[in-house]
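For the numbers below, each heavy atom of this structure counts, side chains included, while hydrogens, waters and symmetry mates do not. We count residues from 1, following the sequence as given.
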Amino acid sequence: MDKKEYIETLIKNITYLCKEKNITSYMLGKESGVGKDIIANMKKGSLPSCDKIAKIADYLNCSVDYLLTGKKCTGEFLTEKERELLEYFGKLNERQQMKLIFKAEDMLEDNK
């Protein structure tokens with residue numbers, strides 16, 4: 001893939017995720033810390049730095065790999081128990097997820 005194709009793929013994937021999350025490109029740039037003109041600069045042919053791509057991925061809650069390729073993580077790197085835990089976690093509502101996170105943090109503190 002050449003530079004132009006990377007940029008086009010980045011723009012497509014970032015735009016898709018922003019639309020899904022109801023985020024404007026201005027909000028993305030400002031709130032992620034990469035600059036409010038990030039999309040406009042890419043459309044002009046500027047490839048963002050790795051650091052900026054990582055910040056965008058973090059802000060959009062996706063992997064850098066997804067932004068660059070559009071391929072979603074298959075979870076092959078997870079153990080069976082980790083996949084099972086994620087499956088249960090995904091079935092909880094947001095309040096329940098937060099309670100579980102707090103409980104896990106408490107459990108970790110108990111281990112110190």
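The hydrophobic clustering, which links ILVMFWY residues whose side-chain heavy atoms are closer than 4.5 Å, places Val64 and Ile23 together. Linking ILVMFWY residues whenever their side-chain heavy atoms come closer than 4.5 Å, directly or via other members, leaves Met98 and Met107 in distinct clusters. By the rule that hydrophobic residues join a cluster once side-chain heavy atoms approach within less than 4.5 Å of another member, Tyr16 and Leu10 end up as members of one cluster. Leu108 and Leu85 are not part of a single hydrophobic cluster, where members link through side-chain heavy atoms under 4.5 Å apart.
Annotation: side chain of Lys91 is in contact with side chain of Glu87 (closest heavy-atom distance under 4.5 Å). By the 4.5 Å heavy-atom criterion applied to side chains, Leu100 and Tyr88 are not counted as neighbours.
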**OP:** Determine, stepwise, if the pair Leu17 / Ile56 fulfils side-chain contact (heavy atoms from CB on, under 4.5 Å).
**Re:** CA-CA 11 Å; Leu17 289 173; Ile56 293 168; over 6 Å; no
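Taking CD1 from Ile7 and CE from Met42, the interatomic distance works out to 8.0 Å, rounded to the nearest 0.5 Å. If you take CD on Glu5 and CD on Glu8, they are separated by 7.0 Å, rounding to the nearest 0.5 Å. Within the model, atoms CD of Glu109 and CD of Glu105 stand 8.5 Å from one another, a figure rounded to the nearest 0.5 Å. Rounding to the nearest 0.5 Å gives a distance of 11.0 Å between CG of Asn13 and SG of Cys18. Between atom OG of residue Ser25 and atom NZ of residue Lys19 there is a gap of 13.0 Å, rounded to the nearest 0.5 Å. A distance of 5.5 Å separates CD1 of Ile53 from CG of Leu47, quoted to the nearest 0.5 Å.
Sparse packing is recorded around CG of Asn61, with 12 or fewer heavy atoms of other residues, nucleotides or ligands lying under 6.0 Å away. Counting non-hydrogen atoms of neighbouring residues, nucleotides and ligands closer than 6.0 angstrom, the CG atom of Asp106 exceeds 12 such neighbours.
Contact record, Ser63 with Ala57: C-CB, 3.9 Å, taken as the closest heavy-atom pair.
The residues Glu80 and Arg83 are annotated as salt-bridged, a charged nitrogen and a carboxylate oxygen being separated by less than 4.0 angstrom.
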Extract all donor-acceptor atom pairs below 3.5 Å that involve side chains of residues 27-41 and protein atoms in other chains or at least two apart in sequence.
from  : atom 1 : to    : atom 2 : distance (Å)
Glu31 : OE1    : Tyr59 : OH     : 2.4
Ser32 : OG     : Leu28 : O      : 2.5
Asn41 : ND2    : Asp37 : O      : 3.3

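The backbone N or O of Leu60 sits less than 3.5 Å from a side-chain atom of Lys21, completing a donor-acceptor pair.
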